Amino acid sequence: MDRPYGPLLNLLHHGIGSTHVCHHINPAIPHYNAWQGTALLRQRYPELMRYDPTPIHRALWRVATRCAVVSQVAEGGGFFYQPLSS
């Protein structure tokens, strides 16, 4: 999921949060080409791109206050996130 990290964090982290989807599609792309890669992916595969406009500090707070449980369906099966019940 790409999200706005703001100019300072983008500078310090080489845009990894704002170009996260591109990084996971091809982690070998150097950070200085990730912006161009992200733009190309948005242009060619808009249905595959995930973007959350929530600023990083709010997203981190949401995750910290709404912890989730990760459970495995069956031995050797996939893992799924489930919100904790209130």
Side-chain angles (χ1 to χ4, degrees):
M1 169 109 27
D2 290 345
R3 74 173 65 254
Y5 271 47
L8 180 61
L9 286 178
N10 274 336
L11 175 70
L12 295 174
H13 293 272
H14 304 290
I16 194 63
S18 300
T19 61
H20 205 78
V21 174
C22 180
H23 165 75
H24 278 277
I25 289 175
N26 186 347
I29 295 174
H31 68 85
Y32 48 85
N33 288 332
W35 294 103
Q36 183 180 7
T38 297
L40 288 170
L41 286 170
R42 284 186 182 146
Q43 179 184 14
R44 294 186 183 166
Y45 306 102
E47 71 282 358
L48 299 178
M49 295 301 288
R50 300 292 180 250
Y51 179 80
D52 181 358
T54 308
I56 188 63
H57 67 281
R58 286 192 181 147
L60 287 172
W61 181 254
R62 182 177 60 213
V63 169
T65 58
R66 299 179 194 167
C67 295
V69 175
V70 178
S71 59
Q72 191 172 19
V73 174
E75 186 68 32
F79 289 87
F80 295 91
Y81 292 97
Q82 300 170 344
L84 292 174
S85 14
S86 305

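If you're wondering where the values come from, they're calculated on a predicted model, not measured in any experiment.
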Asks: Looking only at non-hydrogen atoms, find the nearest pair between Pro4 and Pro53 and report the distance.
Replies: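 Looking at all heavy atoms of both residues, the shortest contact is CG-O, 3.4 Å.
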
Asks: Provide the full list of salt bridge (charged side-chain N to carboxylate O under 4.0 Å, His left out) pairs with a residue in residues 20-35, sequence neighbours left out, each pair given once.
Replies: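 Listed by first then second residue: nothing to list.
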
Asks: My understanding is that a hydrophobic cluster links ILVMFWY residues whose side chain heavy atoms are under 4.5 Å apart, including indirect links. Using that, what else belongs to the cluster containing Ile29?
Replies: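 Traced through the cluster, Ile29 reaches no other member.
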
Asks: For residues 18-25, which side-chain N or O atoms pair as donor and acceptor with protein atoms under 3.5 Å away, sequence neighbours left out?
Replies:
from  : atom 1 : to    : atom 2 : distance (Å)
Ser18 : OG     : Arg3  : O      : 3.2
Ser18 : OG     : Asn10 : OD1    : 2.9
Ser18 : OG     : Asn10 : ND2    : 3.3
Thr19 : OG1    : Gly15 : O      : 2.7
His20 : ND1    : Ile16 : O      : 3.3
His20 : NE2    : His24 : NE2    : 2.9

Asks: Tell me whether Glu75 at atom CD has more than 12 heavy atoms from other residues, nucleotides or ligands lying less than 6.0 Å away.
Replies: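 Atom CD in Glu75 is not crowded, with 12 or fewer foreign heavy atoms closer than 6.0 Å.
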
Asks: Once salt bridge (charged side-chain N to carboxylate O under 4.0 Å, His left out) is applied, what residue pairs with a partner in residues 20-45 remain, sequence neighbours excluded?
Replies: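 Residue pairs passing salt bridge (charged side-chain N to carboxylate O under 4.0 Å, His left out), neighbours aside: Asp2-Arg42.
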
Asks: Which residue pairs pass the ring-ring contact (aromatic ring centres under 6.0 Å, His included) test when at least one of the two sits in residues 26-51, sequence neighbours left out?
Replies: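 Applying ring-ring contact (aromatic ring centres under 6.0 Å, His included) to every pair that reaches into residues 26-51, excluding sequence neighbours, yields His14-His31.
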
Asks: Tell me whether Leu41 shares a hydrophobic cluster with Leu48, the cluster being built from Ile, Leu, Val, Met, Phe, Trp, Tyr side chains joined at under 4.5 Å.
Replies: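 Leu41 clusters together with Leu48.
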
Asks: Under a 4.5 Å side-chain heavy-atom rule over Ile, Leu, Val, Met, Phe, Trp and Tyr, are Tyr5 and Met1 clustered together?
Replies: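 No, Tyr5 does not connect to Met1 through the hydrophobic network.
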
Asks: Just verifying a value: how many Å separate Leu8 CG and His13 NE2, rounded to the nearest 0.5 Å?
Replies: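 The NE2 atom of His13 is 8.5 Å from CG of Leu8, to the nearest 0.5 Å.
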
Asks: Apply salt bridge (Lys or Arg N to Asp or Glu O under 4.0 Å) to Arg58 and list each qualifying residue two or more places apart in sequence or on a separate chain.
Replies: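 Scan of Arg58 (salt bridge (Lys or Arg N to Asp or Glu O under 4.0 Å), adjacent residues dropped) gives none.
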
